[in-house]
Amino acid sequence: MADKVLIINNKTAMLTDALAANLRSEKIEILLTEPAVDKIGKVKNDADVFLLFAGDFIYESPEVLVYLKDLCFGEEKVLCIVGYSKEITEIEEVIPKSLIEKEFERPIDVKILSKDMHQIMREKRARTKKRHLLLVDDDVTFLQMMQKWLSARYRVTVVKSGMQAITFIGAHTPDLILLDYDMPITPGPQLLEMIRSEPNSAGIPVIFLTAKSDRESVMRVMRLKPEGYLLKSQGKEEIINSIDQFFF
């Protein structure tokens, strides 16, 4: 997976062709698709590194950018952008800069682009070797903060609901799940029961990471035997140290 790049472009171009040829020469597989939600959806699982060539579609089909934002936020996709300054600014109105790995402003030398993409692929491979955390929380701001805190040590995937977590676990086995307590529709305790009830996920360790500190709430989930119970109020260093101690 780490040796594949998905190039998203609405037309063939010399730059795209030259880049693809260069990467293929280094045994990196290139996938090509048009900037449409349905077309990207068909191949999104075939590559973890996306290279988006900006074009008129960013104005005409903004749903494509929203879709890419959700993929990068929730599924660890690495997104790079090629475009003119105005196009990049427009994209950043939809996709936060924190979710964009690299921006290449036109005009750009294909040799520079190829070199940087090689480096991004190497970094992606290194991240893939790290232990994998799944964070489940409906607070997007908190998820972004935790992703920033933990990504230096771990591979971090974030999802915003219990149902998204179940879908993700159906196809992946993280090394640890960090689970919020209070979430709409599927709260943390219910989600833990669902995880424990399925043979394929029953063995995945779960630590609660929540603001719920009252004794009744704590005792309710401790009966489900999670691997730990952390409070969001503990702060950055204490939370990271607790996760590190779990693994090491």
Side-chain angles (χ1 to χ4, degrees), residues 1-36 39-59 61 64-132 144 147-158:
M1 185 74 73
D3 292 323
K4 296 180 182 180
V5 175
L6 175 63
I7 295 179
I8 305 169
N9 195 6
N10 62 352
K11 57 184 177 181
T12 53
M14 290 182 62
L15 178 60
T16 307
D17 294 341
L19 173 65
N22 187 289
L23 295 178
R24 286 187 181 116
S25 71
E26 297 294 328
K27 298 182 180 180
I28 295 174
E29 186 176 342
I30 300 300
L31 308 174
L32 299 170
T33 190
E34 297 175 21
K39 294 184 181 297
I40 296 171
K42 291 178 181 178
V43 293
K44 68 180 179 69
N45 293 326
D46 296 332
D48 280 340
V49 178
F50 293 174
L51 181 60
L52 175 67
F53 283 78
D56 292 342
F57 71 89
I58 67 173
Y59 307 101
S61 305
V64 172
L65 300 182
V66 173
Y67 184 63
L68 288 172
K69 179 189 70 172
D70 290 342
L71 287 179
C72 294
F73 180 70
E75 298 190 22
E76 289 193 291
K77 302 300 182 182
V78 173
L79 178 64
C80 302
I81 306 290
V82 177
Y84 293 104
S85 177
K86 183 179 179 181
E87 293 173 329
I88 292 174
T89 300
E90 186 72 21
I91 290 171
E92 289 176 354
E93 290 294 317
V94 180
I95 305 177
K97 198 166 184 176
S98 61
L99 297 181
I100 301 173
E101 183 81 10
K102 183 85 174 183
E103 297 173 343
F104 301 96
E105 187 173 329
R106 287 179 179 268
I108 187 170
D109 187 324
V110 69
K111 293 182 179 179
I112 296 175
L113 178 56
S114 299
K115 180 180 177 181
D116 285 353
M117 288 302 298
H118 281 299
Q119 179 61 31
I120 289 167
M121 295 297 293
R122 285 193 292 269
E123 292 172 356
K124 176 61 180 174
R125 293 189 196 103
R127 287 200 293 268
T128 301
K129 295 178 182 179
K130 297 177 181 178
R131 293 185 186 272
H132 186 187
Q144 291 174 335
Q147 192 169 40
K148 183 178 180 179
W149 286 0
L150 296 169
S151 59
R153 285 177 168 83
Y154 302 100
R155 288 173 57 203
V156 181
T157 298
V158 298

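Residues: numbered from 1 along the sequence shown.
For M121 against V49, the heavy-atom pair with the smallest separation is SD-CG2, 3.6 Å. For the pair S85 and E105, the tightest heavy-atom approach, listed with the atom from each and the gap, is CB-OE2, 3.4 Å. Annotation for I91 and A54: closest pair CD1-CB, 4.0 Å, computed over non-hydrogen atoms. Looking at every heavy atom in both residues, V64 comes nearest to P35 through CG2-O, 3.2 Å. In this structure, F104 and C80 approach most closely via the heavy-atom pair CE1-CB, 4.0 Å. The minimum heavy-atom distance between D56 and N10, with the atom names listed, is N-ND2, 4.3 Å.
Counting only heavy atoms from C-beta outward, the side chains of V5 and L19 never approach each other to under 4.5 Å. Looking at L52 and F57, their side chains come closer than 4.5 Å, going by heavy atoms from C-beta outward. Looking at I81 and E92, their side chains never come closer than 4.5 Å, going by heavy atoms from C-beta outward. Contact check for C72 versus I95: no side-chain heavy atoms found under the 4.5 Å cut-off. With a 4.5 Å cut-off on side-chain heavy atoms, L99 and L79 do not count as touching.
Taken to the nearest 0.5 Å, the NZ atom of K86 stands 9.0 Å off from the CD1 atom of I58. Atom-to-atom distance recorded for I88:CD1 and E93:CD is 13.5 Å, nearest 0.5 angstrom. To the nearest 0.5 Å, atoms CD1 (I28) and CE (M117) are separated by 8.0 Å. To the nearest 0.5 Å, atoms CZ (R106) and CG (L113) are separated by 9.5 Å. With values rounded to the nearest 0.5 angstrom, E29 atom CD is found 4.5 Å from K4 atom NZ. Rounded to the nearest 0.5 angstrom, L51 CG and I120 CD1 are separated by 8.0 Å.
Listed by first then second residue, pairs satisfying salt bridge (Lys or Arg N to Asp or Glu O under 4.0 Å) with a partner in residues 110-119 read K102-D116, not counting sequence neighbours.
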Stepwise side-chain contact (heavy atoms from CB on, under 4.5 Å) test for N9 and L32: CA-CA 7 Å; N9 195 6; L32 299 170; over 6 Å; no

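E101 pairs by the salt bridge (Lys or Arg N to Asp or Glu O under 4.0 Å) definition with R127, not counting sequence neighbours. Applying the side-chain contact (heavy atoms from CB on, under 4.5 Å) rule to V94 yields the partners L65, V66; only residues at least two apart in sequence or on another chain are considered. Residues satisfying the salt bridge (Lys or Arg N to Asp or Glu O under 4.0 Å) test with R153, not counting sequence neighbours, are D244. Residues passing the ring-ring contact (aromatic ring centres under 6.0 Å, His included) test with Y154 are F247, sequence neighbours excluded. In this structure, the side chain to side chain donor-acceptor pair (under 3.5 Å) partners of E123, at least two apart in sequence or on a different chain, are Q119.
Between the side chain of K44 and the main chain of L68, no donor-acceptor pair closer than 3.5 Å is present. In this structure, K77 contributes its side chain and K69 its backbone to no donor-acceptor pair below 3.5 Å.
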